Peer 1: 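Sharing a structure, written as structure tokens. Questions coming.
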2 protein chains.
Amino acid sequence: MTTHGEGSLKKVFRDNQLKATPQRLDVLKLLMTCSEHLDAEEIYQRLLKKKKNVSRATIYRTLEVLVEHDFVRKLDFGDGRMRYEQNQSPDEHHDHMVCQVCGKVIEFYNPKIEDLQELVAQKHDFVMLSHTMHIYGLCSECAEGQ
Amino acid sequence: MTTHGEGSLKKVFRDNQLKATPQRLDVLKLLMTCSEHLDAEEIYQRLLKKKKNVSRATIYRTLEVLVEHDFVRKLDFGDGRMRYEQNQSPDEHHDHMVCQVCGKVIEFYNPKIEDLQELVAQKHDFVMLSHTMHIYGLCSECAEGQ
DNA sequence: CCTCCAAATGATAATGCGTCTCAATTAACT
DNA sequence: AGTTAATTGAGACGCATTATCATTTGGAGG
């Protein structure tokens, strides 16, 4: 998933019995070449700018499909809309720190926390399928301005 | 906050320059005597059963006020509506495990995770104001049935 | 107790994200 | 190329939450 032309993007869909439509390719390509955490509306707007007219309904449907097949991760930062990021492989799982002033998102990875989460789940006989950790507060810049 | 009659509940509001209305007292009392994670509609329905007619709008407004003043914690389990629980003191902070089959919520507390979160924040010069950790998966009962 | 008024309430309209519907289109297999 | 089930677009719809605004009320000051 590090380097892909048009061909390998199509493969993503075809390997999952999904038609490789131009709309789906547009959404996937955008997410694959973007490090931000976009919401559906932002995806719609960015595609519009590139003269790629994909309806909002199709964007939502495509995102659903990509999330189902683990190409994309759906994130909820508690501000009333979902955000999406490309999904790394499981061993690259990371969590998020969200600045409540400027909205900046910092990604971090802490193996010890990951291990502890697994341990806690086991202790309760809980089968962990996914987990999220969000730290809310002020980023260094916004804290300084204060 | 362990033992309170009508009087001390009123104090909660008055200490914060808020009128101690019967509607607010009804909502607060319900949350204080409930260990579940209720959403706004459930709060509305439970009060109705007790012949306490509080409008949905007032419930939302009261919850907002209680969250602002740290009497109540607002939780987002990703199912499209917010849930509310009484807020313990910070040293009793706990996290949640949510069963995606039956919806059961298991609370847990892990001091090591708490410490690591604080460390991670410091490493990024981030001022942590709050944090949430959710583990999603199957509870022991639902995993067994599968 | 009585008056007063900012604060709070209730009813309902409005918002906003996301999903559903359905007729028209199209990817991709034969 | 022909066929067909999958996909799309446009807009209606659903649902949780917020906003509006006329009416009511808590509680401070007399």
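Note on naming: letters A, B, ... go to the chains in the order of the sequence lines (proteins, then strands), and numbering restarts at 1 for each one. All figures in this text were calculated on a predicted structure; none of them were measured in a lab.
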Peer 1: Please give, in whole Å, the distance from D/dA16 P to A/M82 CE?
Peer 2: 14 Å
Peer 1: The side chain of B/Q23 lies closest to which of these nucleotides: C/dT9, D/dA5, D/dG9?
Peer 2: C/dT9
Peer 1: Does OP1 or OP2 of D/dT18 have a side-chain N or O of B/Y60 closer than 4.0 Å?
Peer 2: no
Peer 1: So among A/L48, A/D26, A/L47, which one has a side chain to side chain contact (heavy atoms under 4.5 Å, CB included) with A/N53?
Peer 2: A/L48
Peer 1: Would you please say whether a donor-acceptor pair under 3.5 Å links the side chains of A/H93 and A/D95?
Peer 2: yes
Peer 1: Looking at side-chain heavy atoms only, is the closest gap between A/I106 and A/H96 below 4.5 Å?
Peer 2: no
Peer 1: Please give, in whole Å, the distance from C/dT19 P to A/Y44 OH?
Peer 2: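 Taking atom P of C/dT19 as the reference, OH of A/Y44 is at 17 Å.
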Peer 1: Tell me: CG of A/N16 to P of D/dT7, nearest whole Å?
Peer 2: 11 Å
Peer 1: How many whole angstroms separate atom CZ of B/F13 from atom C1' of D/dG26?
Peer 2: 13 Å
Peer 1: With sugar-phosphate meaning primed atoms plus P, OP1 and OP2, does A/N53 contact a base, only sugar-phosphate, or nothing at under 4.0 Å between heavy atoms?
Peer 2: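 Sugar-phosphate contact only - A/N53 comes under 4.0 Å of backbone atoms but never of a base.
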Peer 1: What is the distance, rounded to the nearest whole Å, between atom CD1 of A/I59 and atom C1' of D/dT7?
Peer 2: 15 Å
Peer 1: If I take atom CG in residue A/L63 and atom P in nucleotide C/dT19, what distance separates them, rounded to the nearest angstrom?
Peer 2: 10 Å
Peer 1: Once you round it to whole Å, what is the distance between P of C/dA27 and CD of A/Q17?
Peer 2: 18 Å
Peer 1: Using only heavy-atom distances, decide whether a donor-acceptor pair under 3.5 angstrom links the side-chain of A/R61 to the base of C/dG18.
Peer 2: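 Result: no qualifying N/O pair found.
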Peer 1: Side chains of B/H94 and B/E85: is there a donor and an acceptor less than 3.5 Å apart?
Peer 2: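 A donor-acceptor contact under 3.5 Å links the two side chains.
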Peer 1: Out of C/dA28, C/dC17, D/dG9, which nucleotide sits closest to the side chain of A/R14?
Peer 2: C/dA28
Peer 1: Give the rounded distance in Å between these two atoms: CZ of B/F77 and C1' of D/dA16.
Peer 2: 17 Å
Peer 1: Return whichever of B/A57 or B/A20 has its heavy-atom-nearest nucleotide of DNA chain D closer to the 5' end.
Peer 2: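 The answer here is B/A57.
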Peer 1: Mind telling me whether B/H134 and B/F77 have parallel, tilted or perpendicular rings, with 30° and 60° as the class edges?
Peer 2: perpendicular
Peer 1: Which nucleotide in the set C/dG10, D/dG26, C/dA28 lies at the smallest distance from any side-chain heavy atom of B/T21?
Peer 2: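 Looking only at side-chain atoms, B/T21 lies closest to D/dG26.
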